[in-house]
Trainee: 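Sharing a structure below in structure tokens format, with a few things to ask.
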Amino acid sequence: MTLGEAVREALAEEMRRDSRVFICGEDIAEAGTVFKVLTGLVDEFGKERVLDTPISEAGFTGIAVGAAMTGMRPVVDIMFGDFSTLVMDQMVNQAAKVRYMSGGKCKVPMVMRATLGASRRSAAQHSQSLHAWFAHIPGLKVVLPSTPYDAKGLMKTAIRDDNPVVFFEDKMMYKLKGPVPAEDYTIPFGVADIKRVGTDITIIATSSMVQVALDAAKMLEEFDISAEVIDPRTVWPLDEKTLIESAKKTSRVIVVDEGYERYGVTAEIASVIAEGAFFSLEAPVKRIGAMHVPIPFSPPLEDATIPTERQVFGAAKALCG
Amino acid sequence: MPALEMAQETGKIVSWLKKEGDAINKGAPLLEVETDKAVVEVEATADGVLAGVKSHEGDVVPVGVTIAWIVAPGEKPPADSPAAAPAARKVTEQPPQAASMPAPISVESSARREGGPQISPKARRLAKEKGVDINRIKGTGPDGTITGEDVLAAAAAPAAAAPSARAPSVLSGIARLMAERTTQSWTQVPHFVLTREIDVAALQQAREKLGPAIERDRGVKITVTDLLVALAAQVLKKHPKMNASWGANGIQLNPQINISVAMAVTDAVVGAVIPNADAAALADIAVQRRNLTERARSSRLKPADVTGGTFTISNLGMYKIDSFNAIIAPPQAAILAVGRIADRVVAVNGRPAVRPMMTLTLSSDHRVVDGAQAALFLNDLAEAIRAPEL
């Protein structure tokens, strides 16, 4: 099953299980989104539960916040994560705050789905990875699946969560295939997954960077460097314990994330490692993120701005000496 | 941490003579520092109040690193100023607007590389836990960084050599220096050894004759070593090659005759120097030797006390040693090993007689002198001892 199909299956199963779940967004009904992730859902659940909206992100996200406060469990579809800019007031000042400011009387059980990732030749306004913005805000949970199995299990947990969850899918990963069990399952937030066990260096990676890290680990194997690859799966809540334990075990850490390196997810995780495992480290924690430039439209330039397995491999070799 | 010697890299703080908050007068003793060669009292360089003491007794601190501040009364030491080398401090002292300027990425990354640690945090922790001296470890990590594995290897090495022995104590700087220098000398200097038995009756008479007056005038009892220093210095004037050094350019004759006297200090031996011994009166030699002995016993020798020697005398007579071979202290060319004075039956004018005898053993560097030259020197010295002109 592909990652796109896993997301669709999770949504469909949750909509069958719970009639309060509905989806709203642009081009999601007959079009099934521009990435074809939701194809067929409108046929089963109808246009009231798979709700096409005008180009009005702030508006339909506001509708979802209100619907969630009054008992529904909406899933908002933000076509490109870059459009997060338009929904920030609804997500940051409303969704993230309502439960706190109402003294717990109102809750906001909604999911905001969005895409991230470059290398689709979509230029500067459709290629960014802005998940760190949401992870910065108390009251929002941020999920970044890297496999079809994780995507389905985490999406179900997100929909069943009573608080707002932001769910980022890498648009280049929708065709990624992987095993997904037929039975109902969920994956708890705040539990990292060790994608590959190793002893010499820990590579912490998110979303599509997990595959980059695994490819780098394979290259490192030929140089007798055993790399451990860990996917936090949710950047908030963050499974600090697993990350620190791995750092203590291997003594060397690289953090890879497709968001901007500066003030990004890599910075936060590097800081967690430095505080939790400093006296077990053989080398400074190395961060690898997107270059601090608008993502270029030119294919060679775009490819140069985002982390690659060669880059991770080179950094790992330098750290291991 | 002040540099007290030319090639000094670190200093160990033996004790602070002033406490945090004490008033300090310029020139007054502030702390005691142990270098590879000696313990030195460091004087305050300014008036003020001692504050922000960062390094404590027992700490080994690189030269140039801030160990404390002398501030004006009421003034506070710079907050959280890192114990940084001068180069690093210079960076923090740059005007703030320079720091906030966006730097090109290439400059930023190269700066990060240069500032990288020479020892990893893990290695530092392990070294502390295992009691390993990090100054003795060679790093195998990137850019020579000491890694945890290096520390574990260093910790395991002596244990493997002597599994039943007690945990080895960390060598003091002076013991380490002795180990290095003697190994270097024994393995690199081609030693040869000449021995001479000498009747010292006349020497003992000279000591009895000159001793009381010197003790009365100068308050010091002259010793056999004092007499040998005075006599050897005179004889060396006629044998400049015995007083020479072996260096990069071959044999270098020394303009001065500075006699090193081997002295035991805690867990090592040092050569305490009596400079220009050929020009010094016996009484002056005795006073200098006595002062050096007292400083050596209390570990208060200054760097100047142990540098510049051109010929060494080592006397183990007081330990009842008949004779021994000594190791040359490079770059010196020779060392004279002095055994005890003991009554022995010897032939005098064809008849057995009991005489006070002493064995001198001269170790020489064959790169500087040959056997005949050294033998001539030893013969002249023996003649001088048999008929001392003091």
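All chains are named by letter (A, B, ...) in the order of the sequence lines, taking the proteins before the strands, and each is independently numbered beginning at 1.
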Trainee: How many angstroms lie between CZ in F279(A) and CZ in R124(B), if you round to the nearest 0.5 Å?
Mentor: 9.5 Å

Trainee: Any idea which of A277(A), C320(A), S280(A), G321(A) has the most non-hydrogen atom pairs under 4.5 angstrom with chain B?
Mentor: S280(A)

Trainee: So which atom in S120(B) and which in A283(A) form the shortest heavy-atom distance, rounded to 0.1 Å?
Mentor: CB-N, 4.5 Å

Trainee: So, does E282(A) use its side chain to make a donor-acceptor pair with the main chain of K122(B) at under 3.5 Å?
Mentor: no

Trainee: Heavy-atom distances under 4.5 Å only: say whether S251(A) touches chain B with side chain, backbone, both or neither.
Mentor: side chain

Trainee: How about R121(A): does its CZ atom have over 12 heavy atoms from other parts shown lying under 6.0 Å from it?
Mentor: yes

Trainee: I need the T147(B) OG1 to L281(A) CG distance, nearest 0.5 Å.
Mentor: 13.0 Å

Trainee: Could you tell me whether Q125(A) atom CD has more than 12 heavy atoms of other residues or ligands within 6.0 Å of it?
Mentor: no

Trainee: If you count heavy atoms of other groups shown closer than 6.0 angstrom to NE2 of H136(A), is the number above 12?
Mentor: no

Trainee: Does E149(B), at its CD atom, have more than 12 non-hydrogen atoms belonging to other residues, nucleotides or ligands within less than 6.0 Å?
Mentor: no

